[in-house]
Amino acid sequence: MAAEPLFERLCLIGVGLIGSSIARAARAKGGIARSIVAHTRRPETLARVRALDFADAVEADPARAVAGCDGVILCIPVGAYAGVMHQIAPHLAPGCILSDAGSTKGSVVRDLQPLLPPGVHLVPAHPMAGTEHSGPDAGFAELFEGRYTILTPLPGGDPAAVEKVAELWRRLGSTVERMDPDTHDKVVAIVSHLPHLIAFTICGTADDLAEETREAVLKFAASGFRDFTRIAASDVDMWRDIFLNNREALLEMLARFTEDAHALGRAVRWGQAEFIEDRIRRGRRIRRELIEHKQA
Ligand code: NAP
């Protein structure tokens, strides 16, 4: 028998890959919400969300969407949080839990906390699950299964609200971890944001090559380059916002990476086989560990 729903009326602000996956998983698994309200801003997306029929109500106005809800999850690019929060804050019901799925966490606390009405509990969250696809068609109910979701609860925040959000993600299939926002932002800078920066850059470098070389690159793309193009196919707004909202941590990781890349380049120049082998072995070990942790 399905558990009692955690929320009476859960509002998803943004129903692209992440928001629509939450809605689909909530329907498929039960025990999440008695009803789901979806808000999206563009008329094309609204029409698509209505056609896909994964929410009980679809609302074009964010203020109307959150009215009467006991849970609200922002699933929009992190750069849009402050603007949307200005619109919804006066309409959040006392006791409501406000959470999110954004890929940066320091900026989320910075943008949401000052506008938080009294009696509304903010519990930031980040599901470490995704694909390079976006929009309401891209979501699927199994997206969060076996993946980590990181919560960055506020100091002094309501423990019951934090536990409710943790339980939400467990029911969606995730394993929940807690962290402070700074640690979260550093971790995701190395495991996600820097790899995307490298992927966007390597595709740009290939694109800058002379015409005949570029064609050969596309024609003979080995798996290495192909994997980078998959990562680089990600959503423009989302990644612009992530880079701009995790600036310090990303720049720190980029500086460390650049140093290490120069060191490997130097070993190549001077024929230091042992150094090169050591780096390759480290890469192989990390891959093995990832597989052992069931994250590959
Ligand atoms: P997505 O598929 O591109 O969907 C974004 C949604 O946000 C759409 O419903 C879009 O609606 C809406 N939106 C975009 N700009 C907006 C704005 N300025 N104001 C209001 N609504 C806006 O994105 P997603 O992949 O679901 O990502 C959503 C959030 O989850 C982001 O914060 C992202 O960092 C985080 N996240 C993503 C992944 C991933 O791999 N994709 C993983 C973990 C966390 P319209 O079409 O109506 O504009």
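Every number for a ligand or one of its atoms is a count from 1 in the order of the listing. None of these values were measured; they are calculated from a predicted model.
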With heavy atoms and a 4.0 Å threshold, my read on which part of Arg42 contacts ligand 1 is both

Please confirm whether Leu17 comes within less than 3.5 Å of ligand 1 when only nitrogen or oxygen atoms on both sides are compared.
yes

For ligand 1, which is the ligand I care about here, please tell me if Ile76 has any N or O atom under 3.5 Å from one of the ligand's N or O atoms.
yes

Are the side chains of Trp270 and Phe275 in touch, meaning some heavy atoms are under 4.5 Å apart?
no

Got a salt bridge between Asp180 and Lys186, using NZ or NE/NH1/NH2 to carboxylate O under 4.0 Å?
no

Please tell me if the side chains of Thr152 and Val108 come closer than 4.5 Å, counting only heavy atoms from C-beta onward.
no

Atom 37 (C) of ligand 1: which protein heavy atom is closest, and how many Å away?
Met238 CE, 3.3 Å

Option passing side chain to side chain contact (heavy atoms under 4.5 Å, CB included) with Leu10 (candidates Asp56, Ile32, Ile97)
Ile32

When you check the gap from the basic side-chain N to the acidic O, do Arg281 and Asp278 get nearer than 4.0 Å?
no

Protein contact to atom 8 (C) of ligand 1 [nearest heavy atom, distance to 0.1 Å]
Gly16 N, 4.0 Å

shortest atom 43 (C) of ligand 1-to-protein heavy-atom contact is with Pro127 O, 3.2 Å

Sub-3.5 Å N/O-N/O distance, His126 and ligand 1
no

Could you tell me whether Arg147 and Glu142 have a side-chain N and a carboxylate O separated by less than 4.0 Å?
no

Minimum non-hydrogen distance to atom 36 (N) of ligand 1, winning option of Ala125, Gly135, Ser103:
Ser103

Note the single closest protein heavy atom to atom 9 (O) of ligand 1, along with its residue, its atom name and the distance in Å.
Val15 N, 3.0 Å

With a 4.5 Å heavy-atom cut-off, do Phe144 and Ile22 have their side chains touching?
yes

His193 and Asp185, any side-chain heavy atoms less than 4.5 Å apart
no

So is His39 polar-close to ligand 1, meaning N/O to N/O under 3.5 Å?
no

Any Val78 heavy atom less than 4.0 Å from ligand 1:
yes

Residue Arg256 excluded, over 12 heavy atoms near CZ under 6.0 Å:
no

Hey, are Arg266 and Glu259 close enough for a salt bridge, meaning a charged N less than 4.0 Å from a carboxylate O?
no

Out of Ala138, Ala101, Gly139, indicate the one that has the non-hydrogen atom closest to atom 44 (C) of ligand 1.
Ala101

Decide yes or no for Glu145 and Lys29: does some side-chain heavy atom of the first lie under 4.5 Å from some side-chain heavy atom of the second?
yes

Please work out whether any backbone atom (N, CA, C, O) or any side-chain heavy atom from C-beta onward of Cys75 is under 4.0 Å from ligand 1, and answer side chain, backbone, both or neither.
backbone

Quick test: of every protein heavy atom, which one is nearest to atom 26 (O) of ligand 1, and how far off is it to 0.1 Å?
Ile18 N, 2.8 Å

Contact check, Thr131 vs ligand 1, heavy-atom distance below 4.0 Å
yes

A student checking ligand 1 against Thr40 at a 4.0 Å heavy-atom cut-off should list atoms 9 (O), 11 (O), 45 (P), 46 (O), 47 (O)

Give the numbers and elements of all ligand 1 atoms closer than 4.0 Å to a heavy atom of Thr45.
45 (P), 46 (O), 47 (O)

Short list, please: which atoms of ligand 1 are under 4.0 Å from a heavy atom of Ser134?
1 (P), 2 (O), 3 (O)

Relative to atom 13 (N) of ligand 1, which among Pro77, Ala80, Gly14 owns the nearest non-hydrogen atom?
Pro77

Electrostatic pair Lys164-Glu167, nearest N-O below 4.0 angstrom:
no

With heavy-atom distances below 4.0 Å as the criterion, list the atoms of ligand 1 near Gly130.
39 (C), 40 (O)

Among the heavy atoms of Ala129, does any lie under 4.0 Å from an atom of ligand 1?
yes

Quick one: look up the protein heavy atom nearest atom 15 (N) of ligand 1 and list residue, atom name and how far away it is.
Arg41 NH2, 3.1 Å

Taking Pro136's backbone N and O only, do any of them form a donor-acceptor pair with Arg48's side chain (distance below 3.5 Å, no angle check)?
no

